[in-house]
Participant: 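Let me give you the structure first, and then I'll get to my questions.
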Amino acid sequence: MTAPLRLIIFDVDGTLVDSQGDIVASMHHAFAEVGAPVPDRAAIIGIIGLSLDVAMARLAPDLGPAAHDALVEGYKRSYMGLRAQAGAAQSSPLFPGTRGMLEALAARNDLLLGVATGKSRRGLDKLLEGHGLNGLFVTEQVADHHPSKPHPAMLHTALAETGTDPRDAVMIGDTTYDMDMARAAGLRCIGVEWGYHPAADLRADHMLTGWADLPGCLAQMWGVPA
């Protein structure tokens, strides 16, 4: 009997790339532009992974929808400006070992790779292009087309697009939103210790201290070669 293809779905910000510098700077710009108190760094880091509309409502619950819309637009302008100035690869550098890990997994004939991110389609396209990662992911789920994490819609679509059973898929991320999304979709979840939420809060099925841990983790989980 032929073994099924397995699907590995990655979060992006805080998992594959370290984008917190530009995210924090853009949030500061957006809030200053509308004259609202700027949230502290911990609060901003805590919402990374959410879609922007949900993030702004959480950061500024006392403001109304119009102000939230202005914050979203101000954030987008600032983030795109910083990315254009530095280039996507410098604006959101890959965490150590990420490129080698992705290329090694993509070269295997028993695995499929996907992305589920709070980024927009445009933002993900710019990031993948900037890092030369186009073509590695067979399914790419973005905030434009789904409710915000932790709603499981992104993962349901990724499974449908690849014809994968939930037991043959896993979500890898750095936030509680990623882990809760995975559980809601019936997937196992792997957390990374270098991301934006405390590792102890993730309650993941497995934790990685570095990408070198991933092959052994997959072997343990699915019985595939390490």
Participant: Show your reasoning for whether side-chain contact (heavy atoms from CB on, under 4.5 Å) applies to L159 and D165.
Facilitator: CA-CA 7 Å; L159 294 174; D165 189 276; over 6 Å; no
Participant: Check V192 against L202 and note the closest heavy-atom contact, atom names and distance.
Facilitator: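 The answer is O-CD1, 4.1 Å.
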Participant: Tell me the closest heavy-atom pair linking S26 and L82, and the distance in Å.
Facilitator: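 Heavy-atom minimum between the residues: OG-CD1, 3.6 Å.
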Participant: Using a 4.5 Å cut-off on heavy atoms from C-beta on, say whether the side chain of R203 contacts that of R183.
Facilitator: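 R183 reaches R203 side chain to side chain.
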Participant: Is it true that Y196 and M179 fall in one hydrophobic cluster, defined by side-chain heavy atoms closer than 4.5 Å?
Facilitator: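 No, no single cluster joins them.
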Participant: Between H28 and I44, does a side-chain contact (heavy atoms from CB on, under 4.5 Å) hold up when you go through it step by step?
Facilitator: CA-CA 9 Å; H28 278 236; I44 295 171; 3.8 Å; yes
Participant: Working to the nearest 0.5 angstrom, can you tell me the gap between L208 CG and L214 CG?
Facilitator: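 Here the interatomic distance stands at 5.5 Å.
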Participant: Heavy atoms only: give me the nearest A88-G130 pair and the separation to one decimal.
Facilitator: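 Between these two residues, the closest heavy atoms are CB-CA, 4.1 Å.
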Participant: Do M171 and L155 touch side chain to side chain, with heavy atoms closer than 4.5 Å?
Facilitator: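 A side-chain contact exists here, since the closest heavy-atom pair is under 4.5 Å.
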Participant: To the nearest 0.5 Å, how far apart are CG in L127 and CG in L16?
Facilitator: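 Answer rounded to 0.5 Å: 8.0 Å.
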Participant: Compare all side-chain heavy atoms of S92 with those of D18 and state whether any distance is below 4.5 angstrom.
Facilitator: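 Contact flag for S92/D18 side chains = no.
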Participant: Going through the distances and angles, do L128 and E140 end up as a side-chain contact (heavy atoms from CB on, under 4.5 Å)?
Facilitator: CA-CA 11 Å; L128 296 179; E140 297 171 355; 3.5 Å; yes
Participant: What residue among D180, T176, D11, T175 forms side-chain hydrogen bond (donor to acceptor under 3.5 Å, both in side chains) with K149?
Facilitator: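 It is D11, the one option of D180, T176, D11, T175 that forms the side-chain hydrogen bond (donor to acceptor under 3.5 Å, both in side chains) with K149.
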Participant: Could you tell me how the ring of F95 sits relative to the ring of W194: parallel (under 30°), tilted (30 to 60°) or perpendicular (over 60°)?
Facilitator: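 Tilted, since the angle between the ring planes falls between 30° and 60°.
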Participant: According to a 4.5 Å side-chain heavy-atom criterion applied to Ile, Leu, Val, Met, Phe, Trp and Tyr, with indirect links allowed, do I8 and M181 form part of one hydrophobic cluster?
Facilitator: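 Result: no, two separate clusters.
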Participant: Do you see a donor-acceptor pair shorter than 3.5 Å between the side chains of D174 and T15?
Facilitator: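 Judged by distance alone, the side chains do pair up.
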Participant: Does Q90, at its CD atom, have more than 12 non-hydrogen atoms belonging to other residues, nucleotides or ligands within less than 6.0 Å?
Facilitator: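 Counting other residues, nucleotides and ligands, CD of Q90 stays at 12 neighbours or fewer.
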Participant: Could you tell me whether the side chain of S78 and the main chain of G74 form a donor-acceptor pair under 3.5 Å?
Facilitator: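 No: the side chain of S78 does not pair with the backbone of G74.
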Participant: So, the side chain of R188 versus the backbone of R167: is there a donor-acceptor pair under 3.5 Å, distance only?
Facilitator: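 Yes: the side chain of R188 pairs with the backbone of R167.
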Participant: Any side-chain heavy atom of R122 within less than 4.5 Å of one from M80?
Facilitator: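 They are in contact (side-chain heavy atoms under 4.5 Å apart), so the answer is yes.
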Participant: Do L187 and L105 belong together in a cluster built from hydrophobic side chains that touch within less than 4.5 Å?
Facilitator: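 They do not share one cluster, since no chain of ILVMFWY contacts under 4.5 Å joins L187 to L105.
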Participant: On a heavy-atom basis, which atom in Y79 and which in S19 lie closest, and how many Å separate them?
Facilitator: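 Smallest heavy-atom distance, with atoms named: OH-CB, 3.8 Å.
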Participant: Would a distance-only check, ignoring hydrogens and angles, find a side-chain to backbone donor-acceptor pair under 3.5 Å from H151 to A153?
Facilitator: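 Indeed, once roles are kept as given, a pair shorter than 3.5 Å links the two residues.
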Participant: Can you tell me how far the CD1 atom of I9 sits from the CD1 atom of I190, to the nearest 0.5 Å?
Facilitator: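 Taking CD1 in I9 and CD1 in I190, the distance rounds to 11.5 Å.
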Participant: Taking 4.0 angstrom as the limit, do K119 and D13 come out as a salt bridge?
Facilitator: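 Between D13 and K119 there is a salt bridge, with a charged N closer than 4.0 Å to a carboxylate O.
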Participant: To the nearest 0.5 Å, what is the distance between CG (N109) and CG (L5)?
Facilitator: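 With rounding to 0.5 Å, CG (N109) is 8.0 Å from CG (L5).
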Participant: Of all heavy-atom pairs between F10 and L102, which one has the smallest distance, and what is that distance?
Facilitator: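 Shortest heavy-atom separation between F10 and L102 comes out as CE1-CD2, 3.8 Å.
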Participant: Distance check, rounded to the nearest 0.5 Å: L7 atom CG versus L111 atom CG?
Facilitator: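 Between L7 CG and L111 CG, I get 9.5 Å after rounding to 0.5 Å.
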Participant: Taking the side chain as every heavy atom from C-beta outward, state whether M56 and I47 have any pair of such atoms under 4.5 Å apart.
Facilitator: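 No; the side chains remain at least 4.5 Å from each other.
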Participant: Would you compute the distance between atom NE2 of H197 and atom OH of Y177 and round it to the nearest 0.5 angstrom?
Facilitator: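 Going from NE2 on H197 over to OH on Y177, the span is 4.0 Å.
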Participant: With hydrophobic residues grouped by side-chain heavy-atom distances under 4.5 Å, do F31 and L50 end up in a single group?
Facilitator: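 Per the 4.5 Å side-chain linkage, F31 and L50 are co-clustered.
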Participant: Within the structure provided, determine whether V170 and D205 are in side-chain contact (heavy-atom separation under 4.5 Å).
Facilitator: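 No, every pair of side-chain atoms sits at 4.5 Å or beyond.
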Participant: Using side-chain heavy atoms (C-beta onward) and a distance below 4.5 Å, is C189 in contact with D178?
Facilitator: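 No - every pair of side-chain heavy atoms lies 4.5 Å or more apart.
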Participant: Hey, are the side chains of H146 and Q141 touching, using non-hydrogen atoms and a 4.5 Å cut-off?
Facilitator: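 Counting from C-beta outward, H146 and Q141 do come under 4.5 Å.
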Participant: Do E193 and T209 have side-chain atoms, one donor and one acceptor, less than 3.5 Å apart?
Facilitator: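 Their side chains do not contain a donor-acceptor pair, so the 3.5 Å distance test is not met.
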Participant: Tell me whether R121 at atom CZ has more than 12 heavy atoms from other residues, nucleotides or ligands lying less than 6.0 Å away.
Facilitator: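 Above 12, so yes.
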Participant: Please assess H145 against M154 for the test side-chain contact (heavy atoms from CB on, under 4.5 Å), listing each intermediate value before the final yes or no.
Facilitator: CA-CA 8 Å; H145 308 133; M154 289 188 188; over 6 Å; no
Participant: Are M221 and W211 connected in a single hydrophobic cluster, I mean Ile/Leu/Val/Met/Phe/Trp/Tyr linked by side-chain heavy atoms less than 4.5 Å apart?
Facilitator: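 Hydrophobic grouping puts W211 with M221.
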Participant: Check whether H68 reaches the backbone of L63 with its side chain - one donor and one acceptor, N or O, closer than 3.5 Å.
Facilitator: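 Flag set: sc H68 to bb L63 pair under 3.5 Å.
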Participant: Under 3.5 Å, side chain of R83 to main-chain N/O of K126, donor-acceptor pair present?
Facilitator: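 A pair under 3.5 Å: no.
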Participant: Do you know which two heavy atoms are closest between S51 and A143, and how far apart they sit?
Facilitator: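 Nearest pair, atom of S51 first, then A143: OG-CB, 3.6 Å.
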